[in-house]
**Student:** 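First the structure, which I've put down as structure tokens, then a few questions once you've had a look.
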Amino acid sequence: MAVGVLALQGSFNEHIAVLKRLGVKGIEIRKAEQLQSVSSLIIPGGESTTMAKLAEFHNLFPALREFVKMGKPVWGTCAGLIFLADKAVGQKTGGQELIGGLNCTVHRNFFGSQIQSFETELAIPEVAAKEGGPPTFRAVFIRAPAILEVGPDVQILADVPASSVITESAESGQKVIVAVKQGNMLATAFHPELTADTRWHSYFLKMVPEFGGTSSMITTTGEGSSFYERPRIDLPVFQ
Ligand code: GLN
């Protein structure tokens with residue numbers, strides 16, 4: 001019972017730490033053959049161009065595409081979302097290779113440069129309905145991408161009003177999509193592995209057949225239901 005975490009670069013350790021809190025083992029994936037030992041995969045945030053270069057160097061793209069095509073659950077966070085998208089804009093000249101499969105267009109660095117990174121309380125109706133807890137989630141956006149458009153098969157799980165963030169890329173009144181689900185794929189523009197709230201991780205685990213029927217295990221071996229009654233311990237990263 002293990003979840004693979006792509007460990008080429010970025011916040012893979014943080015994802016593995018959250019999985020551990022939920023009583024689930026995370027396995028670092030660096031080689032194509034290691035994908036055979038896991039039935040689901042998290043692609044962390046980091047720097048998607050660097051990650052793509054490393055994935056290319058290790059000849060990982062064919063195996064990653066195959067993994068997605070086989071319908072195995074895959075969750076991309078931030079740079080991982082860019083990796084999963086069918087199309088990305090705002091890339092460096094010449095672009096970068098993507099795994100694809102997620103029927104959407106992402107915009108890299110949509111909210112601006114590193115200094116425009118921010119935290120916000122994000123309404124998460126679908127995740128809160130399934131996982132309980134408060135209706136919002138403290139989302140950390142670090143030089144984050146946004147999703148510009150989605151195909152009809154994509155479910156929008158969260159968006160932010162463009163007015164709540166400083167961005168030149170958004171038109172006023174526009175809503176900016178920051179979390180989606182499409183079949184076996186989950187994608188978030190923010191970093192749920194950096195905050196204490198484990199609901200996105202347990203939501204993803206429920207997409208994995210081997211964990212799907214055991215949601216009680218996931219919540220009780222972790223922080224327990226009293227977690228949400230205790231004061232939040234998340235530190236503000238940006239204010
Ligand atoms: N801006 C990064 C990229 O384009 C993503 C940042 C992140 O993963 N926090 O790859």
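Remember, it's 1-based here, ligands and their atoms both numbered in the order they're listed.
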**Student:** Do you see a donor-acceptor pair shorter than 3.5 Å between the side chains of Thr188 and Trp75?
**Tutor:**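 The criterion, which ignores hydrogens and geometry beyond distance, is satisfied for Trp75 and Thr188.
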**Student:** At under 4.0 Å between heavy atoms, which part of Ile82 makes contact with ligand 1: side chain, backbone, both or neither?
**Tutor:**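 Contact part for Ile82 vs ligand 1: side chain (C-beta onward).
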**Student:** How far is atom 5 (C) of ligand 1 from its nearest protein heavy atom, and which residue and atom is that?
**Tutor:**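 Scanning the protein heavy atoms, the shortest distance from atom 5 (C) of ligand 1 goes to Gly46 O, 3.4 Å.
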**Student:** Angle between ring planes, Phe141 versus Phe118, binned at 30° and 60°: parallel, tilted or perpendicular?
**Tutor:**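 Judged by the thresholds at 30° and 60°, the geometry between Phe141 and Phe118 is parallel.
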**Student:** Which of the atoms of ligand 1 are close to Gly45, meaning less than 4.0 Å from one of its heavy atoms?
**Tutor:**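 So the atoms of ligand 1 that pass are 8 (O).
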**Student:** Using distance alone, determine whether Cys78 and ligand 1 share an N or O pair under 3.5 Å.
**Tutor:**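 No.
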**Student:** Going by the order shown, which atoms of ligand 1 are within less than 4.0 Å of some heavy atom of Arg108?
**Tutor:**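 Result: 3 (C), 4 (O), 10 (O).
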**Student:** Can you find a side-chain donor-acceptor pair between Thr50 and Gln9 that sits under 3.5 Å?
**Tutor:**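 Checked: Thr50/Gln9 side chains show no N/O donor-acceptor pair below 3.5 Å.
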**Student:** Would you compute the distance between atom CD of Gln34 and atom CD1 of Ile27 and round it to the nearest 0.5 angstrom?
**Tutor:**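 Here the rounded value is 8.5 Å.
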**Student:** Under 3.5 Å, is there a donor-acceptor pair between the side chain of Gln182 and the main chain of Asn103?
**Tutor:**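 The answer is yes, because a donor-acceptor pair under 3.5 Å joins these two groups.
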**Student:** Find all atoms of ligand 1 within a distance of less than 4.0 Å from any non-hydrogen atom belonging to Ser48, and give their numbers and elements.
**Tutor:**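 Listed by number with element, the hits are 3 (C), 4 (O), 10 (O).
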**Student:** Do any nitrogen or oxygen atoms of Thr49 lie less than 3.5 angstrom from nitrogen or oxygen atoms of ligand 1?
**Tutor:**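 No, Thr49 has no N/O under 3.5 Å of an N/O on ligand 1.
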**Student:** Of Glu97, Lys53, Gln96, which meets side-chain hydrogen bond (donor to acceptor under 3.5 Å, both in side chains) against Ser48?
**Tutor:**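 Testing Ser48 for a side-chain hydrogen bond (donor to acceptor under 3.5 Å, both in side chains) against Glu97, Lys53, Gln96 leaves exactly one candidate, Gln96.
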**Student:** Should you measure from each heavy atom of Asn109, which atoms of ligand 1 turn up under 4.0 Å away?
**Tutor:**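 It comes down to these atoms of ligand 1: 1 (N), 2 (C), 4 (O).
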**Student:** For ligand 1, is any non-hydrogen atom under 4.0 Å from Glu47's backbone (N, CA, C, O), its side chain (CB onward), both, or neither?
**Tutor:**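 Both the backbone and the side chain of Glu47 come within reach of ligand 1.
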**Student:** Hey, is ligand 1 close enough to Ile142 that some N/O pair sits below 3.5 Å?
**Tutor:**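 Yes; the residue has a nitrogen or oxygen that sits under 3.5 Å from a nitrogen or oxygen of the ligand.
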**Student:** Please say whether His191 places an N or O atom under 3.5 Å from an N or O atom belonging to ligand 1.
**Tutor:**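 There is such a contact, yes.
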**Student:** Answer with side chain, backbone, both or neither: which part of Met51 has a heavy atom less than 4.0 angstrom from an atom of ligand 1?
**Tutor:**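 No part of Met51 comes within reach of ligand 1.
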**Student:** For the residue pair Phe190 and Phe137, does the interplanar ring angle fall in the parallel (under 30°), tilted (30 to 60°) or perpendicular (over 60°) class?
**Tutor:**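 It falls in the tilted class, 30° to 60°.
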**Student:** Check whether Arg143 reaches the backbone of Asn109 with its side chain - one donor and one acceptor, N or O, closer than 3.5 Å.
**Tutor:**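 Flag not set: sc Arg143 to bb Asn109 has no pair under 3.5 Å.
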